[in-house]
Amino acid sequence: MTPTTPAPGRSRTRNAMIWIFGALGGILWGYDTGVISGAMLFIKQDIPLSPLQQGLVVSGLLVGAMAGAGASGRLADAWGRRRLILWAAVVFTAGTVGAMLATTAWMLVAFRFVIGIGVGIASVVVPLYLTELAPKQSRGGLTSLMQLLVTIGILVAYVTDYALADSGAWRWMLGLGAVPAVLLGIGIYFQPESPRWLVKHGRADQAREVLTRLRGTGAEEVEQELDEIQAADREKEAENAVGVRELLTPRLRRVVLLGLGLVFFQNFIGINTIIYYAPTLLTTLGFGTSGAILANVGIGVVNVLMTLPALRMIDRVGRKSLLAVGSIGMLVSMLVLGVANVVGVSYGPLLVAVTLGSILVYIASFAVSWGPVQWVMLPELFPLRMRGSAVGICLVFNWLFNMAVALVFPVLLDITGPGVMFLFFALMAVLSFWFVQRGLIETKGKSLEAIEQEVLGTADPAEPAEKQAAHA
């Protein structure tokens, strides 16, 4: 029996609630990765931490994220998207409360690892869940939108750090992350399961009911979308047809290296040192604690504001152009910072202006380019039959590179000082520009078949245009 079509207003409300609770997943991801930057200044006053232990407290989350992201694909297929997000909220909450109550460095590292598992799950499953429930007209901008939500979460973390800075209440800085985690768990409990997951598990009737409630359209439109989901589910099987061993063959190696190059440079151009360690870095340069955390709030604001135009420019300016401009902006800002510190400009108004100005230019350059573009280009580069396997491998390496930078930075900062580190990131910016110009292809405005032909030379040029448009 065909379900009764709900009123359009009720359907809009249901869709809005799904997006709100989905947004909480992105904000949680950003909050838990960003809050440690300000909290670290006060944790060190309460719990003695060596430079290596500081790196472990930060990177413990990233190791957990790597594990969570690696396991989430199989778990999402076995348990369902909605149920896994619910468990991610439980993991977030448990890890946050544990970190809040930690009394030793190793307790902090352990519970940051637990939080990281939730971050890794959210980074994979929340976009997947929203994509599979979103109407067609809303699906295209989802990937970039998740990047915006993460930057908002980072900004909320920075504002929280500043609000609690006078009291030095680092436990509350970490612990307040449990609030959106609990809201996410409660909210997602009442949301529907993904229609695609239901179809995959032979529950087409339930998928039809979910689509009817969400869309508020007639039975014919629902049946058409259900047919499309069933067809897409058959195509999805092809995404995992290429194993890891085959990805390393000469014919596929180039595109895999392009994907790994994207995630390598996004991490090694230094963004994570700013997100995780900006207040620590600023105090090293002579800033007071409150001033460093207030400057961190400004960094968060710029990060959000410059992500907004990127959502529109990606499809207008092009991926390669944005990445190249971003690399140039980051190169200039890191060179200025490096030279100022190596030359030995003394702390004062000049160094304050140079430092803050350069960091803000750096953040703006990243937010409009490497921040969102990586997430858009990764699935575009890989052909359908290898997309699932290849993107999964790249995301694991993304968290691995992220963890490496977060772990090593405080140790190298203690050994070399900030000037050498800034010059190293300037060198990475030069190499990232070379990679973009010489290695990457432009994917703007091209069908996935055309991209495949350009990268691998395997697309069938005689394929019907209708099918190419369907994959675009």
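Predicted model, so just to flag it, every value in this text is computed and none were measured.
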Closest approach of Gly288 and Thr283, non-hydrogen atoms and distance?
-> O-CG2, 4.3 Å

Is any side-chain heavy atom of Ser333 less than 4.5 Å from a side-chain heavy atom of Ile359?
-> no

Nearest heavy-atom neighbours spanning Ser327 and Phe433 | OG-N, 3.8 Å

Do Ile47 and Thr103 pass the side chain to side chain contact (heavy atoms under 4.5 Å, CB included) test, and can you show the C-alpha distance, the side-chain angles, and the key distance before you say yes or no?
-> CA-CA 7 Å; Ile47 301 175; Thr103 56; 5.7 Å; no

Write out all pairs satisfying side-chain hydrogen bond (donor to acceptor under 3.5 Å, both in side chains) with one or both partners inside residues 30-40, taking only residues at least two apart or from two chains.
-> Ser37-Asn296

Measure the shortest side-chain to side-chain distance between Ile85 and Ile121 over non-hydrogen atoms and say whether it is less than 4.5 angstrom.
-> no

Derivation and outcome, side chain to side chain contact (heavy atoms under 4.5 Å, CB included), residues Trp399 and Met403 | CA-CA 6 Å; Trp399 289 114; Met403 180 269 294; over 6 Å; no

Does the side chain of Phe265 come within less than 4.5 Å of Gln374's, by heavy atoms?
-> no

Could you pull out the closest heavy-atom pair between Pro372 and Ala367, with the gap in Å?
-> CD-O, 3.2 Å

Applying side chain to side chain contact (heavy atoms under 4.5 Å, CB included), run through Ile188 and Tyr129 and close with a yes or a no.
-> CA-CA 11 Å; Ile188 207 69; Tyr129 178 73; 3.9 Å; yes

Closest heavy-atom pair and its distance - Ser365, Gly329 = OG-CA, 3.3 Å

Indicate every side-chain donor-acceptor pair of residues 56-73 with a distance under 3.5 Å to a residue at least two apart or in another chain.
| residue | atom | partner | partner atom | Å |
| --- | --- | --- | --- | --- |
| Ser59 | OG | Gly55 | O | 2.6 |
| Ser72 | OG | Gly68 | O | 3.4 |
| Ser72 | OG | Ala69 | O | 3.0 |

OG1 of Thr307 to CZ of Phe366: how many Å apart, nearest 0.5 Å?
-> 8.5 Å

Minimum heavy-atom distance between Ala105 and Gln53, given as atom pair plus value | CB-NE2, 4.0 Å

Starting at CE of Met330, measure out to CE of Met428 and round the result to the nearest 0.5 Å.
-> 12.0 Å

Out of Ile274, Thr151, Val150, Ile271, which residue meets the side-chain contact (heavy atoms from CB on, under 4.5 Å) rule with Asn303?
-> Thr151

Which heavy-atom pair separates Gly30 from Ile154 by the least distance, and what is that distance?
-> O-CG1, 3.4 Å

Between CE on residue Met334 and CE on residue Met421, distance to nearest 0.5 Å = 10.5 Å

Checking Tyr362 side chain against Leu331 main chain: does a donor-acceptor pair fall under 3.5 Å?
-> no

Across all chains, not counting sequence neighbours, the ring pair (Phe, Tyr, Trp, His ring centres under 6.0 Å) partners of Trp370 are none

Can you find a heavy atom in the side chain of Leu323 that is under 4.5 Å from one in the side chain of Leu262?
-> yes

Give the C-alpha distance, both sets of side-chain angles, the deciding distance and a yes or no for side chain to side chain contact (heavy atoms under 4.5 Å, CB included) between Leu174 and Trp170.
-> CA-CA 6 Å; Leu174 300 182; Trp170 66 267; 3.7 Å; yes

Taking side chain as C-beta onward, heavy atoms only, is Phe435 less than 4.5 Å from Leu258?
-> yes

Looking only at atom types and distance, does a side-chain atom of Gln266 sit under 3.5 Å from a main-chain N or O of Val263, one as donor and one as acceptor?
-> no

How many angstroms lie between atom CG of Asn272 and atom CG of Asn402, to the nearest 0.5 angstrom?
-> 4.0 Å

Atom pair CG/CG of Leu356 and Leu282 - distance to nearest 0.5 Å | 6.5 Å

Got a sec, which residues hit ring pair (Phe, Tyr, Trp, His ring centres under 6.0 Å) with Phe42, two or more places apart in sequence or on another chain?
-> none

Residues at least two apart in sequence or cross-chain that pass salt bridge (charged side-chain N to carboxylate O under 4.0 Å, His left out) with Arg82, listed by chain then number, are none

Non-hydrogen side-chain atoms of Val361 and Val332 separated by less than 4.5 Å | no

Does Ser167 use its side chain to pair, donor to acceptor, with the backbone of Leu164 at less than 3.5 Å?
-> yes

If you draw a 6.0 Å radius around OH in Tyr162, do more than 12 non-hydrogen atoms from other residues or ligands fall strictly inside?
-> no

Determine whether more than 12 heavy atoms belonging to other residues, nucleotides or ligands lie under 6.0 Å from atom CZ of Arg171.
-> yes

Just jot down the ring pair (Phe, Tyr, Trp, His ring centres under 6.0 Å) partners of Phe397, sequence neighbours excluded, or say none.
-> Phe401

To the nearest 0.5 Å, atom OG of Ser290 lies from atom CG of Asp161 at 12.0 Å

Kindly indicate whether the side chain of Ile36, heavy atoms from C-beta on, has any atom under 4.5 Å from the side chain of Ile43.
-> yes

